[in-house]
Peer 1: 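Handing you a structure now.
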Amino acid sequence: MNKKRFLLVLIIILFDSINLFAQFSGKANPEAVVISGNARFTMLTPHIVRMEWSKNGQFEDHASL
């Protein structure tokens, strides 16, 4: 990959990351949450899934970053 293409890809990733953090509210969309037994899956973005497991089925709702 040449330097110009690498720099372009890096800039795109940077702006995408900034956009993600700018939209971050700390609360997941309830429609993006699936609970199955002791596991909970949350779609945070189209490319990021938060996976949790709890022995007693109690999950913490702290923000992910």
Peer 1: Could you pull out all residues at least two apart from E31 that satisfy side-chain hydrogen bond (donor to acceptor under 3.5 Å, both in side chains)?
Peer 2: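 Counting only residues at least two positions away or on another chain, E31 forms no side-chain hydrogen bond (donor to acceptor under 3.5 Å, both in side chains).
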Peer 1: Could you tell me the separation between the CD1 atom of I35 and the CZ atom of F41, rounded to the nearest 0.5 Å?
Peer 2: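 Output value for this atom pair is 10.5 Å.
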Peer 1: For the atom pair CD (Q58) and CZ (R40), what is the distance rounded to the nearest 0.5 Å?
Peer 2: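 Output value for this atom pair is 10.0 Å.
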Peer 1: Share the residues that join W53 in a hydrophobic cluster, the rule being Ile, Leu, Val, Met, Phe, Trp or Tyr side chains under 4.5 Å apart at the heavy-atom level.
Peer 2: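 Answer for W53: none, a lone residue.
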Peer 1: Within the structure provided, determine whether N2 and R5 are in side-chain contact (heavy-atom separation under 4.5 Å).
Peer 2: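 They are in side-chain contact.
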Peer 1: Which atom names give the shortest non-hydrogen contact between N38 and N56, and what distance separates them?
Peer 2: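 Scanning both residues, the minimum pair turns out to be ND2-N, 4.2 Å.
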Peer 1: How far does OG1 of T42 sit from CE of M51, to the nearest 0.5 angstrom?
Peer 2: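 Rounded to the nearest 0.5 Å, the OG1-CE separation comes out at 10.5 Å.
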